Each structure stands twice: as C-alpha cells, then as structure tokens.
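Structure first, commentary second.
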Amino acid sequence: MKYFTKEWYELCQKESYHFALRADKRAETFSEEYFEKLYKKAVAEHIAMMERVNSVKFEDIYPEEFYCEPLGDYVLSQEEIEELKAEYYERREAAKYCFETMDRSVVPSSEKRKFRRNWKCQMEIYNKNLPSEILDMVADIRVLALGNASAEVKKAITAFCRDNEKTVNKTMSDYWKYYKKAFGKNEPHFADGFDLHDCYVTSCHKSGKNIVMHLEGGMTNTTRVVFRDTEVLCREEPLRGAWWLYDELYKTENGYEMHVLLYKKELVYFTLTCTDVEIYSD
C-alpha cells in the first residue's frame with residue numbers, strides 16, 4: 001500500500017476520542033471519591049440505557065405499513081414500488097423471527113461485567129494511543145475512560161484528534177488525485193461496482209490462473225470477485241475470514257496492480273496483478 005497503509009488506518013482510529021469527552025473541573029486532580037461516584041453513576045446509566053433499548057417494540061423498528069420515501073425528483077413506477085414493498089416485508093419477516101427469539105432480558109450483574117470490560121478496554125486504548133505528553137496531563141486515567149476530563153486535557157485530545165483527521169483526509173485526497181490523473185475518464189469497467197469496504201471474505205482460492213474470492217456483507221451486493229490472470233505479489237495471511245478495508249488500484253502494461261488492506265486479527269496486506277476484474281452478485 002502506498003496510501004492506505006497500516007499506519008494510516010491506525011491513525012483513522014484516533015480521530016474521535018474527543019467526541020464523548022465532558023470537561024469537568026473535578027477531573028483536574030486525583031480523587032478516589034470522585035472516581036467511585038462517577039463509576040457508579042456510569043454503570044447505572046448503562047443499565048438504564050440497555051433497559052430502554054430492550055423495551056423497544058418490533059413495530060417501532062419495522063412498521064407494519066410500508067412507506068416509500070421519494071428520492072429527489074425521481075418518481076418510482078408502481079412496479080418498482082411493489083418490488084420494494086415485497087423486499088421490505090421479506091426482510092421484516094426474517095427480522096421478526098430474530099427479534100422474537102432473541103433474549104432481551106437485562107441482567108444487572110451481567111451488564112455490570114460488560115461495562116467493566118468495556119471501561120478497561122477504553123483505558124487500554126488511551127494508554128496505548130494517546131501521546132505521553134497528554135497522558136502526563138491526566139490526573140486519573142480511570143476517570144478519562146469514563147468520559148470526563150479537565151478542560152486542558154479535553155482541549156489537548158481534541159487538537160490531537162483533529163490533527164489526525166487532517167492527515168487522514170489529506171491521504172485520501174492525495175490518492176483520489178492520483179487516481180483521477182492515472183485513469184481520467186477511462187476508468188476500469190468494474191470501478192462503479194467495486195466498493196468492498198467492510199465485506200467479509202468467506203473464501204479465496206486459485207482457479208487456474210485466476211483468483212476467485214467470495215464475499216458477504218458490506219455496503220454492496222457483490223458476492224464474488226474474479227481476478228483474471230493473476231500474480232500474487234504479497235499475501236501476509238490466508239484471506240479467508242478477513243475483512244476488506246481499503247484498496248488502491250494502479251495501471252500496469254497488461255492490466256492492473258491492486259493493493260488491499262484487510263483485517264484478520266491484525267492488519268494484513270494483499271497485493272496482486274491481474275489483467276481484469278469481474279464482479280458478480282450471485
């Protein structure tokens with residue numbers, strides 16, 4: 001990868017630490033009493049939230065009546081509306097079965113354990129990813145992991161996240177500038193349908209000179225991709241069970257070179273050359 005590297009992706013995860021932070025003067029100094037009260041309140045709020053979530057009725061999620069919202073000036077035909085209506089009720093029935101068979105009871109002791117695991121995980125994230133100069137300003141990392149910080153710490157974390165966001169956005173902008181310059185109006189025929197972000201790789205195997213990859217999920221209908229006449233340049237892990245994150249496309253004399261960043265317990269690279277790419281929605 002030349003743009004969407006592992007380091008770049010890790011930076012993507014450090015853009016939003018400031019969103020949920022509340023400035024509190026009491027967080028300026030270490031206080032066991034303050035922490036205990038804050039933790040107890042946060043646990044109670046978590047349990048209350050879960051009770052509200054689990055009290056939601058199915059009809060609030062999937063109303064009985066189908067409604068089709070117009071998209072701008074485009075008017076759907078009656079046939080298109082009926083197709084969408086049939087798809088909606090099919091999804092509704094499947095969702096209803098899951099909803100009715102799901103255990104939606106809230107067990108406070110279990111929720112307390114879940115909250116504690118998540119809270120500890122948040123502390124680990126801050127300890128690992130925040131710069132030492134910011135961590136040195138934090139009076140109690142336990143309080144920070146509960147979402148409270150001094151005004152000074154909140155300001156520093158906000159600046160840190162915004163700097164990361166600028167770098168992330170610049171990298172994305174640089175790649176698309178390259179892409180437009182390299183391909184111009186002659187985009188590959190598969191470009192429009194090639195949006196595999198967050199797709200799960202269910203299988204990946206060789207078929208002669210080709211590589212066939214089966215996928216599910218993501219924001220696409222694509223279920224199978226065939227890379228023609230391939231040469232694998234880098235594959236750090238078998239791709240079955242990996243999540244497709246980002247990709248880069250380059251021109252070669254005989255086709256394309258594709259760089260892919262995936263996640264499978266850790267970030268992994270996959271790079272290959274091919275003469276063509278075929279996309280299927282089986």
Side-chain angles (χ1 to χ4, degrees), residues 1 3-56 103-174 197-198 243 245-246 261-268:
M1 304 291 281
Y3 295 89
F4 306 135
T5 62
K6 295 177 183 180
E7 294 76 17
W8 173 84
Y9 184 80
E10 293 288 359
L11 207 59
C12 291
Q13 314 313 305
K14 303 174 186 176
E15 295 181 279
S16 57
Y17 295 157
H18 61 303
F19 287 159
L21 285 182
R22 300 173 294 272
D24 190 333
K25 190 172 180 62
R26 292 171 295 177
E28 293 178 2
T29 57
F30 182 91
S31 168
E32 191 66 31
E33 181 184 4
Y34 171 56
F35 163 70
E36 292 290 348
K37 287 182 179 179
L38 192 64
Y39 185 87
K40 185 177 180 180
K41 180 183 177 183
V43 171
E45 289 175 346
H46 169 76
I47 293 173
M49 180 191 68
M50 294 308 299
E51 288 173 343
R52 290 195 301 272
V53 168
N54 287 313
S55 67
V56 172
D103 180 9
R104 292 183 291 123
S105 58
V106 176
V107 181
S109 59
S110 176
E111 292 302 329
K112 287 179 181 179
R113 288 193 295 270
K114 290 178 186 176
F115 180 87
R116 190 168 186 82
R117 283 197 300 269
N118 291 337
W119 168 67
K120 285 185 174 181
C121 180
Q122 192 62 50
M123 277 197 291
E124 291 174 4
I125 288 172
Y126 284 147
N127 274 318
K128 178 182 177 182
N129 295 320
L130 286 178
S132 58
E133 56 267 28
I134 292 181
L135 289 173
D136 289 342
M137 297 163 58
V138 177
D140 190 342
I141 194 71
R142 301 175 303 170
V143 169
L144 183 64
L146 290 172
N148 282 26
S150 67
E152 183 184 26
V153 169
K154 181 180 178 182
K155 182 179 179 181
I157 292 177
T158 300
F160 171 72
C161 291
R162 287 178 176 167
D163 284 345
N164 293 339
E165 183 181 17
K166 287 179 183 177
T167 302
V168 166
N169 291 341
K170 183 180 184 305
T171 299
M172 294 190 77
S173 177
D174 288 346
H197 182 70
D198 279 349
W243 295 90
L245 298 176
Y246 291 92
L261 177 68
L262 304 101
Y263 182 82
K264 185 179 180 181
K265 295 185 179 179
E266 62 182 7
L267 295 171
V268 295

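Residue numbers run from 1 in the order of the sequence given. Given the structure is predicted, the values throughout are model-derived calculations rather than measurements.
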Fill in the blank from the handout: Between Ile47 and Lys112 the two heavy atoms that sit nearest each other are CD1-CG, 4.1 Å
Exercise for the section: Answer yes or no: are there more than 12 heavy-atom neighbours, outside Glu133 itself, under 6.0 Å from its atom CD? Expected result: yes
Exercise for the section: Using a 4.5 Å cut-off on heavy atoms from C-beta on, say whether the side chain of Glu111 contacts that of His46. Expected result: yes
Exercise for the section: Would you check if the side chain of Ser150 reaches a backbone N or O of Val153 as a donor-acceptor pair within less than 3.5 Å? Expected result: yes
Handout entry: Residue list, side chain to side chain donor-acceptor pair (under 3.5 Å) with Arg52, at least two apart or on another chain
Key = none
Handout entry: Under-4.0 Å salt bridge between Glu36 and Lys40
Key = no
Practice task
To the nearest 0.5 angstrom, please state how far the CG atom of Asp140 sits from the OG1 atom of Thr29.
Solution key: 9.5 Å
Practice task
Could you tell me which non-hydrogen atom of Ala139 sits nearest to which non-hydrogen atom of Ala27, and how far apart they are?
Solution key: CB-O, 3.6 Å
Handout entry: Over 12 foreign heavy atoms within 6.0 Å of NZ, Lys155
Key = no
Exercise for the section: Considering non-hydrogen atoms only, spot the tightest contact between Arg104 and Asn54 and give its length. Expected result: NH1-O, 2.8 Å
Exercise for the section: For Tyr39, enumerate each residue passing the side chain to side chain donor-acceptor pair (under 3.5 Å) test, keeping only those at least two apart in sequence or located in another chain. Expected result: Arg116
Exercise for the section: Can you establish whether the number of heavy atoms outside Glu152 located under 6.0 Å from its atom CD is more than 12? Expected result: no
Fill in the blank from the handout: Value for NZ (Lys154) from CE (Met137), rounded to nearest 0.5 Å, stands at 13.5 Å
Exercise for the section: Give a yes or no on whether a salt bridge exists between Asp24 and Arg22, defined as a side-chain N under 4.0 angstrom from a carboxylate O. Expected result: no
Handout entry: Donor-acceptor pair, side chain of Glu15 and main chain of Leu11, under 3.5 angstrom
Key = no
Fill in the blank from the handout: For Leu245 and His197, the nearest pair of non-hydrogen atoms, with its separation, is O-ND1, 2.6 Å
Exercise for the section: Given salt bridge (charged side-chain N to carboxylate O under 4.0 Å, His left out), test Arg142 with Glu32 step by step and report yes or no. Expected result: CA-CA 10 Å; Arg142 301 175 303 170; Glu32 191 66 31; 2.9 Å; yes
Exercise for the section: Would you check if the side chain of Ser110 reaches a backbone N or O of Val106 as a donor-acceptor pair within less than 3.5 Å? Expected result: no
Practice task
Mind checking salt bridge (charged side-chain N to carboxylate O under 4.0 Å, His left out) for Lys264 and listing every partner two or more places apart, or none if nothing turns up?
Solution key: none
Handout entry: Any pair counted as ring pair (Phe, Tyr, Trp, His ring centres under 6.0 Å), so long as it reaches residues 124-163, sequence neighbours left out
Key = Tyr17-Tyr126
Practice task
Determine, stepwise, if the pair Trp243 / Leu262 fulfils side chain to side chain contact (heavy atoms under 4.5 Å, CB included).
Solution key: CA-CA 5 Å; Trp243 295 90; Leu262 304 101; over 6 Å; no
Handout entry: Backbone N/O of Met1 and side chain of Thr5: donor-acceptor pair under 3.5 Å
Key = no
Fill in the blank from the handout: Sequence neighbours excluded, the answer for side-chain contact (heavy atoms from CB on, under 4.5 Å) partners of Glu45 is Lys41
Completion exercise
Residues Ile157 and Leu130: closest non-hydrogen pair is CD1-CD1, 4.1 Å
Problem - Side-chain donor-acceptor pair present, Asn148, Tyr34, cut-off under 3.5 Å - result: yes
Handout entry: Gln122 to Ala145 - nearest heavy-atom pair and separation
Key = CG-O, 3.9 Å
Exercise for the section: Would you sort out whether Lys170 and Lys166 count as a side chain to side chain contact (heavy atoms under 4.5 Å, CB included), showing the intermediate values? Expected result: CA-CA 6 Å; Lys170 183 180 184 305; Lys166 287 179 183 177; over 6 Å; no
Problem - Side-chain heavy-atom pair Tyr246, Tyr9 within 4.5 angstrom cut-off - result: yes
Exercise for the section: Let me see the working for Lys6 and Glu10 under salt bridge (charged side-chain N to carboxylate O under 4.0 Å, His left out), right down to the final yes or no. Expected result: CA-CA 6 Å; Lys6 295 177 183 180; Glu10 293 288 359; over 6 Å; no
Practice task
Spell out, as yes or no, whether a donor-acceptor pair under 3.5 Å connects the side chain of Ser173 to the backbone of Asn169.
Solution key: no
Handout entry: pair Tyr3-Met172: side-chain heavy atoms closer than 4.5 Å
Key = no
Practice task
Output yes when a side-chain donor or acceptor of Asn164 lies under 3.5 Å from a complementary backbone atom of Lys14, and no otherwise.
Solution key: yes
Problem - Set of residues satisfying salt bridge (charged side-chain N to carboxylate O under 4.0 Å, His left out) with respect to Glu266, sequence neighbours excluded - result: none
